Amino acid sequence: MERKPPPPLITMEAMLNQMVSLGMGAEMVNPAIDLIYDLLRTFLPRPPVSAAASLSADSSFPGGGSGDRLSALPDAILRNIVSRLPVKDAARTAVLSSRWRPLWRSAPLALVDAHLVQSAGGGDSAPRAGSGSVAAAVSRVLEAHRGPFRCVHLTRTSMGAHRAELALWLDLLAAKGVEEFVFVNRPWPLDFPLPATIFSLATVKRLYLGAWRFPNTSALPRGTAFPHLLELGLSCVAMEDRDYDFILARSPVLETLLIYTSQRHVNLRIISCRLRCVQLCMSIVHDVSVVDGPCLQRLLLWEASEPSPRAGSKKICTRIKFGHAPKLRSVGYLVPGVHVLEVGNTIIKVDTKASPRTILPSVRILALKVHFEVRTEAKMIPSFLKCFPNIETLHIKSEKSYEPAGKLNQKFWQEASGIECVQSHIRDMVFHEYSGKHNQLAFLKFILENAQMLREMVIVFVQGILSSGDNAAAKLMKDLSSVKEASENYRVVISESSISRGGTSWNCQVASNLDVADPFYYCY
């Protein structure tokens, strides 16, 4: 499939620079930066330690007595205890007794610079405050502790003003070892260059990077790699296509890849023998190609497509191509008419017939985002469903269209019968953002009339409809009562969305958790 090059991308960095060039002061630029970092913060994993609880020095025991039983425990257990404390509390254990004094320097430490902000005169709502003091405190801890570090979360320093500390921190972590590293540059510039020494963190297993320009991977030595990296998150990172290829090729045990609010168009070729979950969220995605993913289980797309075209411009679609992915189980949100689906070498069109070369039989959970009021998009739904003959759970999210362009009537859905997954496999169907429109109702009737294995249909109304007093639920049930159901044993569950229309509660960390059976159910 021949692809035209994408149009020039206006990055967040370029927009902020333009604000400054137009003479906008800090009172306007700083809130814009804070908004970006509020968005970025939703993507970051929570630190494994909390500073909310206080460390008490009270050594008394219930029932009397003041014996120090805790200090009698073996060193290995005491180090484990220290490693689960915030860094300031871990250091304070040295004053408990001579028994504790050397432990914090040898325990795998958890360093979270956000826990140091308060003592430096800043707060969570003021990311620029105390940056220099926090950077100095981080340097002291990294130099004083002999390693390894259980986790290091550094999200409170503008690295452009602390270049020497940046180089020092990476050198110390490379020498002493770190398993989990979250590294965010703030507050600006958003594309400050990340040193190539990031690849010297040979022990890192979980790595999250935010607001950087990625190193030029074409200039890196041949042996550069992340040999133990299991999970990689990239948010607001400026990367080239070759950098994604490099990361996948040089991370031999990588299982999870998350790309969030990318600063460049994303063209991703998935070639990885161990990768299990890929997420692309809040990014302009031009092309995703699953070339060889023998272990890939989830391909998750949230607000991942080309931008809407300007008036009079031709719409540019995002290609989603599936090659070798025999274990792929969950896919979505695909957007019919916006995402061009390609299976093998076949581009899926309205009239494409299902065949062994155009199906993905391993997929069990499918999520589609549909503009029901745009005929050219909605009419692609049957073609998409035919590509996934064995899905057991179907999620449909109805999107509001600000430029309606034709509607599909009941006759269209009557003629769309014979779709294998609908007739023989779908057991659960969740319809998100139902507003009572005729074209939405027509689709629900289509499912009820054809889904022979259906057990449960969940209909989530747009926020405010059920509480408006219009008896929307009763009207819906009355409309559905006229349908001749294909399944004799199913139930309809009606609820109302807890978020406003256009909002989201998508949780990147939950979606990547393979212990969560259905990421679309828990992340919406």
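Just so you know, these numbers come straight off a predicted model, no measurement behind them. Just the heavy atoms: all of them, side chains too, but no hydrogens, waters or symmetry mates, feed the values below.
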**Q** Can you name the residues that form a side-chain hydrogen bond (donor to acceptor under 3.5 Å, both in side chains) with Thr155, not counting sequence neighbours?
**A**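 Listed in chain order: nothing, the list is empty.
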**Q** Name all residues meeting the side-chain contact (heavy atoms from CB on, under 4.5 Å) criterion together with Ser200; count only those two or more places apart in sequence or in a different chain, and write none if there are none.
**A**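 So Ser200 forms a side-chain contact (heavy atoms from CB on, under 4.5 Å) with Ala174, Thr197.
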**Q** Does one side chain, of His153 or Glu180, offer a donor that lies under 3.5 Å from an acceptor on the other?
**A** yes
**Q** Using the side-chain hydrogen bond (donor to acceptor under 3.5 Å, both in side chains) criterion, which residues pair with Arg427? Sequence neighbours excluded.
**A**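 With sequence neighbours excluded, Arg427 shows a side-chain hydrogen bond (donor to acceptor under 3.5 Å, both in side chains) to Glu392, given in chain and number order.
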**Q** Going by the rule ring pair (Phe, Tyr, Trp, His ring centres under 6.0 Å), which residues pair with Phe384 if we only count those two or more places apart in sequence or in a different chain?
**A**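 Ring pair (Phe, Tyr, Trp, His ring centres under 6.0 Å) list for Phe384, sorted by chain: empty.
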**Q** Got a sec, which residues hit side-chain hydrogen bond (donor to acceptor under 3.5 Å, both in side chains) with His339, two or more places apart in sequence or on another chain?
**A** none
**Q** Just checking, any donor-acceptor pair under 3.5 angstrom between side chains of Tyr260 and Gln279?
**A**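 The answer is no; no qualifying pair exists.
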**Q** Which pairs, with at least one residue in residues 212-221 and sequence neighbours excluded, count as a side chain to side chain donor-acceptor pair (under 3.5 Å)?
**A** Asn216-Ser218, Asn216-Arg242, Thr217-Asp243
**Q** The criterion is side-chain contact (heavy atoms from CB on, under 4.5 Å); which residues satisfy it with Asp241, sequence neighbours excluded?
**A** Asn267
**Q** Mind checking what makes salt bridge (charged side-chain N to carboxylate O under 4.0 Å, His left out) contact with Lys205, not counting sequence neighbours?
**A** none
**Q** My understanding is that only residues two or more places apart in sequence, or in another chain, count here; which of them pass side-chain hydrogen bond (donor to acceptor under 3.5 Å, both in side chains) with Ser139?
**A**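 Only Trp169 meet the side-chain hydrogen bond (donor to acceptor under 3.5 Å, both in side chains) criterion with Ser139.
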**Q** Could you tell me whether a side-chain N or O of Lys369 sits under 3.5 Å from a main-chain N or O of Glu399, the two making a donor and an acceptor?
**A** no
**Q** Could you go through Glu231 and Arg206, starting from their C-alpha distance and side-chain angles, then the distance that decides it, and tell me whether this counts as salt bridge (Lys or Arg N to Asp or Glu O under 4.0 Å)?
**A** CA-CA 5 Å; Glu231 182 177 341; Arg206 195 183 198 200; 3.1 Å; yes
**Q** Mind listing the side-chain donor-acceptor pairs of residues 269-276 below 3.5 Å, one per line with the distance, residues two or more places apart or on another chain?
**A**
| unit_1 | atom_1 | unit_2 | atom_2 | d |
| --- | --- | --- | --- | --- |
| Ser272 | OG | Arg274 | N | 3.4 |
| Ser272 | OG | Leu275 | N | 3.1 |

**Q** With heavy-atom distances below 4.5 Å as the criterion, would you say the side chains of Tyr333 and Phe520 are in contact?
**A**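 Answer yes - side chains close enough.
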**Q** For Tyr244, give me all partners under ring pair (Phe, Tyr, Trp, His ring centres under 6.0 Å), at least two apart in sequence or on another chain.
**A** none
**Q** Keeping to residues at least two apart or across chains, list the side chain to side chain donor-acceptor pair (under 3.5 Å) pairs with something in residues 289-300.
**A**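 For residues 289-300: Asp292-His324.
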